[in-house]
Every structure is written in structure tokens, then in C-alpha cells.
Amino acid sequence: MNQVSARSSGRRTTPPRLRAALASITTGLVAVGTTVVLAASASAGTTLGAAAAETGRYFGTAVAVNRLSDSGYVGILNREFTSVTADNEMKWDATEPSPNQFTYTSGDKLVSHAEANGMRVRGHALAWHQQQPRWTAVLSGTALRNAMLNHVTQVATHYRGRIHAWNVVNEAFADGGSGGRRDSNLQRTGDDWIEAAFRAARAADPGATLCYNDYYIEGQNPKSNGVYAMVRDFKARGVPIDCVGFQSHFTAQSPVPADYQANLQRFVDLGVEVQITELDIEGSGSSQAASYSRVVRACLAISRCTGITVSGIRDTDSWRSSATPLLFDGNGTKKPAYASTLDALNAGGTTVPPTTPSTTTPPPTTTPPPTTTPPPTTTPPPGDGDCAASVSVNSWSGGFVATVKVTAGPAGLDGWVVDLTLPSGATVTAVWSAQNTGTSGDVSFRNLGYNSAVGAGAGTEFGFQGTGNGPTGAATCARP
Ligand code: XIL
């Protein structure tokens, strides 16, 4: 029995095609008691997108902007797909080639193409250890953390309201059996880098569904257990995560796991939606077709599995083309896997439930341009002789990142407290390398265990992020 709702997930406005499909579903509805069921099966979709829309889901593909000049490619894209994911165009190296200098030309083209054709856009990816711009290579610690948060904020602000789901953090867990985080420059800025990225993304685009995205988490294994524990912890502590993306790159050695559906379900049970984000399956013929069908059926069995994205259109478009992992061959001809995917979509399943309304205020209708002016710096006060604090603020319309340098006096420090005052309306949303007391007005920041000791004349840094305007007055530093 299918639960039916008239709204789709993950977006505040419903695209025209989806609206049409949903309308066709709702005309076939009969109310039985308090449960709404399909009276008869809705008409079969003749394309992937239309068939997925019958259950309120999107069917998307990764798109490389340079392929938009290939009419064969675009013909299939516009006919079959209802969501696009930027292949490389929204990655850090593409969008911020120099510090705080943003380039959106390619990403904007993809978004415009999608919008002109009634498709949604998945954003990929705000923070990732790969495909970073070269200038990040010399950064570490607070400087890298600030650069990452600024990046997340600026890019999510630029695309605010136009992205139905963002991969906020990509591939942060280690392969192998540890179940722990992957070592990376971002990880070395502190374990809280992932939650800081999610908070920054939520502040910048409150309407987007925020996803953690990874590979080899499709079945239950040490890596997916690690991600599961993180999501459970985030949900318990109110870190704004909405979704987990399962890349789903399958090969002969790593086929669709037997517990795929059960594993998706256990994540949903934590209170997030799940999405299949980069599906491709090595192989050909009927075995490949059967695997695609299994993936689609697993998603459709779960009402909060809200959409499927394949990692390209034709085998020749694939990042691993020798595996012939996609639904169309190099000529754009439908493969057996296309037919099995369409059939599985048309077989129906659960219907995506209504979106939970965002508790945060909606974004303004006009997107303010991000500021690219250099951060103002407040000069340190003389201090009490024990230590001094200087604050530099990088702000944009609606938010800021502050970096605070604590400098020890001639006696050195074995602990420090920095006090400052935030302007009215400002709120601290994330803090790193310090512990705060208060989030608005007078706020106090105290050392953690590892950075309590500061040698005579030496310094240490901490940072925080907030909404509203950043601090403009002096910060004071003292021993605890
Ligand atoms: C791939 C792109 O498809 C290629 O064009 C690029 O050269 C490398 O990255 N996981 C991801 C994707 O999250 O962004 C990657 O995409 C494939 C692995």
C-alpha cells in the first residue's frame, strides 16, 4: 500500500514536470479511512525522470558543462533527467582558484540549463580533501579551517535557493577497517571540521538539504558504521545534517551489497533522508541490468530515499568509461540496464513524504553578493600584561568568521580567557580551538587542554563563526 503525498522532498518549489506527474498521481487517489492509497497504478513513465516522479523522486545525472555543446548528449539529458549534479564545476578548485576570488561561470551555466529545463540541481561538493585549489596546500590549522568555512559560506550563499541538496562534506571517512576519519588537511584542523562545515552551509542556504556523501558505505561495514555513528551524534547534538549520499560505484569486486536496502533504512531511522548520488555499475548486459534494478528497488522501498543520480549519461562520458557502467552506450543508445531501471521505477514503491519545513528563516529573495573586501582587523588592546588578543574578521552579508590570536606576555601562559562583545543580533554558531561561554552579547572563550600553554611572547589561535555582524570592538585577554 503506497503512502502518497502531494509534495516532493528537498526543495521548496516543485519543478514543473514533477508537478505534472504528481498531479497525475493525485487524480488517481482514493481516501480509505485516514490512509490515502493509489486507486490504480499511475500511468507508466516513458522516461527515467517521469517514472521516478510518479513516486515523488528525482532521477538525476552528473553533468559536465563542456558536454552541453553536444546535442546528442543534451537531447538525452533534457528528455530523461530531472536533476543534475555538477561533475567538477562546483568543486573547491573550480570555484575558488585564488583565495577569496570566486569563479562561478561554469557552475552557473549548469544551474541555468537545469532551471531552464525544469530540473533540480544537486551541489557537489563544498568541502573535500580532493580537488582543492593549490593555494590551500600551504594552509593548515585555523587558517585552513577559516578558508574552508569561508568557501562553504560563499559558494552556498552564491547558489542560495537554487540547489535542492548540497554535498557539504565528501569522503571524510577512511577506507579499510578502522571506521574512523580519513587523514587529510581538513581533518587535521580538528575533528569538528565536518560539523563546522554543516553549520556554515545551513547558515548560508537554509533551504537546501545538507548531505554527507561517501563511497563504500552502501552496505554495513566498518566505514559505514563510522558514518552512522557520526550522523547519530550530529542528530543528537543538533548539528544540521539532513541527508546521507551513497555514491554507489559498483564493480565486479564490489557489487551491490545484499544489505543495501537495510543499510539505507538504518540511516533513515536516524532521521535523515538518503540519496543515491553517483550510481554507476561496472558490467554489461543482463547482469548489469539486474544490478541497476536492485539499486532502484532498494531506494523505492524506502520512502525517505528521495532520489537517484547516475554518474553520467553515456558510457563514454563516464569517469571510468572502460567499466561501461552507465545506462546509455557511447552512441547514446539505451542499454539493457536502462530498460531494467525504467521498469523498476515504473513498478513503483513508497512515495516520498512531505518535506519537513525548515525551522530556520527563509533566505532573502535577492542574493546579496558575497563581500570580497579584505577582512577588517581590530588592533589588540594593551592587555593586562599576561596576554593580549587580536581579532580579525572576515564577514559577508549575514555572517562572519573571526580568527583570534592570543599572544602571551613575558611570563608565558598556562591558560587563557578571551572576552569580547558581539554586536546586537549576532550569534556564535561554531567555535574551534576554544570553548565558549555565551553565544551573543558578551562572549567568553577559554583555552582547551592542548593549547593552554603558550610560551613567553608566543601565540596561539582560535576561531569562531557566526550569523549577523562580527565583532568590531577590542577583545581582552587574561589568565583564567
Ligand atoms: C570525478 C569526476 O567525474 C571526474 O571528472 C574528475 O576527474 C574526478 O572526479 N567521487 C566523487 C566525484 O565525489 O566527484 C568524482 O568525480 C568521483 C569520485
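For this chain, numbers begin at 1 and follow the sequence in order. As the structure lists them, so they are numbered: ligands from 1, and atoms in each ligand from 1.
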**Request:** Measure centre to centre between the rings of Tyr104 and Tyr159, then say whether the value is under 6.0 Å.
**Result:** yes
**Message:** Distance under 4.0 Å, heavy atoms only, partner ligand 1: which residues pass?
**Reply:** Asp87, Asn88, Lys91, His124, Trp128, Gln131, Asn170, Glu171, Gln247, Glu278, Trp319
**Request:** Any chance you could lay out the side-chain hydrogen bond (donor to acceptor under 3.5 Å, both in side chains) test for Ser293 and Arg297, step after step, and finish with the verdict?
**Result:** CA-CA 6 Å; Ser293 178; Arg297 283 182 283 129; 3.1 Å; yes
**Asked** Any ion pair linking Glu171 and Arg182 (charged N to carboxylate O, less than 4.0 Å)?
**Response** no
**Request:** Tell me, please, which residues at least two apart from His249 pass ring pair (Phe, Tyr, Trp, His ring centres under 6.0 Å).
**Result:** Trp319
**Request:** Any ring-ring contact (aromatic ring centres under 6.0 Å, His included) involving residues 219-240? Give me the pairs, sequence neighbours left out, ordered by first then second residue.
**Result:** Tyr228-Phe267
**Request:** Would you mind listing every ring-ring contact (aromatic ring centres under 6.0 Å, His included) that reaches into residues 297-318, with sequence neighbours excluded?
**Result:** none
